[in-house]
*Asks:* 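Structure below; questions to follow.
We number each residue from 1, following the sequence as shown. Predicted model only: the values in this text are computed from it and were never measured.
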Amino acid sequence: MLVDPNDGKCYECEGQLEIIDADDCSMAVKCTECGESYDVEPDAFGDGCVTYYFPFTTERYLVENYGDE
């Protein structure tokens, strides 16, 4: 899932971030431009976890339990 650049950018190069993993207390992001990766808190983008964390974890749950449709 890509992060809107208005919500957050890479710390290294200000490139676009992609959420690549998430757990109960963090999300792993990777820059699509420089490849830098790091963990951020679920509400790192100031969205109350609504725009990125919940949709990412919900989609992963659905794919793991019901397949990719």
*Asks:* Mark yes or no for whether Asp7, through its side chain, and Val3, through its backbone, hold a donor-acceptor pair below 3.5 Å.
*Replies:* no

*Asks:* Show me the donor-acceptor pairs within less than 3.5 Å that the side chains of residues 18-30 make with the rest of the protein, sequence neighbours left out.
*Replies:*
| from | atom 1 | to | atom 2 | distance (Å) |
| --- | --- | --- | --- | --- |
| Asp21 | OD1 | Arg60 | NH1 | 2.7 |
| Asp23 | OD1 | Cys25 | N | 2.9 |
| Asp23 | OD1 | Ser26 | N | 2.8 |
| Asp23 | OD1 | Ser26 | OG | 3.1 |

*Asks:* Do any side-chain atoms of residues 33-47 form donor-acceptor pairs under 3.5 angstrom with protein atoms, and if so which ones, sequence neighbours left out?
*Replies:*
| from | atom 1 | to | atom 2 | distance (Å) |
| --- | --- | --- | --- | --- |
| Tyr38 | OH | Tyr11 | N | 3.2 |
| Asp43 | OD1 | Asp47 | N | 3.0 |
| Asp43 | OD1 | Gly48 | N | 2.7 |
| Asp47 | OD1 | Cys49 | N | 3.1 |
| Asp47 | OD2 | Thr51 | N | 2.9 |
| Asp47 | OD2 | Tyr52 | N | 3.0 |

*Asks:* Can you tell me how far OG1 of Thr32 sits from CG of Leu2, rounded to the nearest 0.5 angstrom?
*Replies:* 6.5 Å

*Asks:* Could you list the residues that satisfy side-chain contact (heavy atoms from CB on, under 4.5 Å) with Pro5, not counting sequence neighbours?
*Replies:* Lys9, Gln16

*Asks:* Would you kindly confirm whether Leu62 and Phe56 end up in one hydrophobic cluster when ILVMFWY residues are joined by side chain heavy atoms under 4.5 Å apart?
*Replies:* no

